[in-house]
Amino acid sequence: MGWWVADLLSQNPAMLASWIVWVIGSIVLHELAHGWAAIREGDDTPIATGHMTWNPLVHMGGLSLLMFALVGIAWGAMPVNPSRFRGRWSDVIVSLAGPAMNLLLATVAVVLAALWATYARAVGDPLFTNVFAFFFTGAFLNVGLAAFNLLPVPPLDGARILAGLSPAFARLVSHPNAAMISLVAMVVLFTQGGGVIFGMAEAAAGWGVRTVTALLPGGGP
């Protein structure tokens, strides 16, 4: 297996463009969702730090963009100050907002893929196939990002959600050795579990497109 850019480019340049647009766009919207939720819960840190912007450089940073260039996947960050949150469940709400945005994007992409597959066949190839691939890429990528971020491993959103719900887990992740354990767990997840998670996400997105297509007028068998 070679460099992911060369691999996708050799398969279909439209797939490369789709992947770049969806990865960067989904990360930016994921982080903005955290920011919007934090502001709603009483914390203006996202505004004060200049992170309420559509600029991916602000959300991803140089290291994340370098990782994206090397392996095709990246991450983002949204600074928040939990001490400013108003509610008991504010940290959980803010942490859930990012994965919820990914699921919303996945849902929109699934519906658009189904609509395109049902009503745009007259367009013909390669446009028909390329546009469908764009929507389907957004669907399975965002399902995968939501699933990955909901894993209870710091610094993923799932760990913050569980810590907000379970004081025992909150104490566990605040242990001095937790950072090292989390780093090892993240490396294992990324190298061993990433393919499994995104493989299942692709299957889930395919099921979603078929289900919505079957519900559309003229989309059934």
Can you get from [X] to [Y] by hopping between Ile, Leu, Val, Met, Phe, Trp and Tyr side chains that sit under 4.5 Å apart?
X      : Y      : value
Leu145 : Trp207 : no
Phe128 : Val110 : yes
Met200 : Leu103 : no
Met78  : Ile161 : no
Val153 : Leu165 : no

Donor-acceptor pair, side chain of [X] and main chain of [Y], under 3.5 angstrom:
X     : Y     : result
Ser10 : Ala6  : yes
Ser64 : Gly61 : no
Arg86 : Arg40 : yes

So, for [X] and [Y], which heavy atoms are closest and what is the spacing to 0.1 Å?
X      : Y      : value
Phe169 : Pro152 : CZ-O, 3.6 Å
Val80  : Ala38  : CG1-CB, 3.7 Å
Val23  : Gly72  : CG2-O, 4.0 Å
Ala159 : Pro154 : CB-N, 3.4 Å
Ala139 : Ala106 : O-CB, 3.6 Å
Phe140 : Glu202 : CB-CA, 3.5 Å

With [X] via ring pair (Phe, Tyr, Trp, His ring centres under 6.0 Å) - residues at least two apart:
X      : value
Trp36  : none
Phe85  : none
Phe135 : none

With Ser18 via side chain to side chain donor-acceptor pair (under 3.5 Å) - residues at least two apart: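 None.
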Gap separating the [atom1] atom of [X] from the [atom2] atom of [Y], nearest 0.5 angstrom:
X      : Y      : atom1 : atom2 : result
Glu41  : Ile93  : CD    : CD1   : 4.0 Å
Ile27  : Met60  : CD1   : CE    : 4.0 Å
Leu216 : Thr211 : CG    : OG1   : 11.0 Å
Asn149 : Leu96  : CG    : CG    : 11.0 Å
Leu65  : Ile24  : CG    : CD1   : 6.5 Å
Asp157 : Phe148 : CG    : CZ    : 11.0 Å

Which residues satisfy the side chain to side chain contact (heavy atoms under 4.5 Å, CB included) test with [X], sequence neighbours excluded?
X      : value
Leu8   : Trp4, Gln11, Met15, Leu16, Trp19
Leu66  : Leu70
Leu104 : Met101, Val108

Name all pairs fulfilling the side-chain hydrogen bond (donor to acceptor under 3.5 Å, both in side chains) condition that reach into [range], sequence neighbours left out, sorted by first residue then second.
range            : answer
residues 96-106  : His30-Asn102, Asn102-Asn142
residues 50-63   : Thr49-His51
residues 113-139 : Asn12-Asn130, Asp125-Thr129

Pairs satisfying salt bridge (charged side-chain N to carboxylate O under 4.0 Å, His left out), at least one member in residues 90-108, at least two apart: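 Found Asp91-Arg160.
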Ring centres under 6.0 angstrom apart (Trp22, Phe134):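 Centroid distance Trp22-Phe134: below 6.0 Å, so yes.
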Contact check, side chains of Val143 and Phe198, non-hydrogen atoms, under 4.5 Å: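 The answer is no, as the side chains (C-beta and beyond) never meet within the 4.5 Å cut-off.
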Full working for side chain to side chain contact (heavy atoms under 4.5 Å, CB included) between Leu156 and Leu150: CA-CA 7 Å; Leu156 299 177; Leu150 286 172; over 6 Å; no
Enclosure of Trp89 CH2 (heavy-atom neighbours >12, cutoff 6.0 Å):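 Buried by this count: over 12 neighbours within 6.0 Å.
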Arg84: salt bridge (charged side-chain N to carboxylate O under 4.0 Å, His left out) partners, not counting sequence neighbours: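 So Arg84 forms a salt bridge (charged side-chain N to carboxylate O under 4.0 Å, His left out) with Asp43, Asp44.
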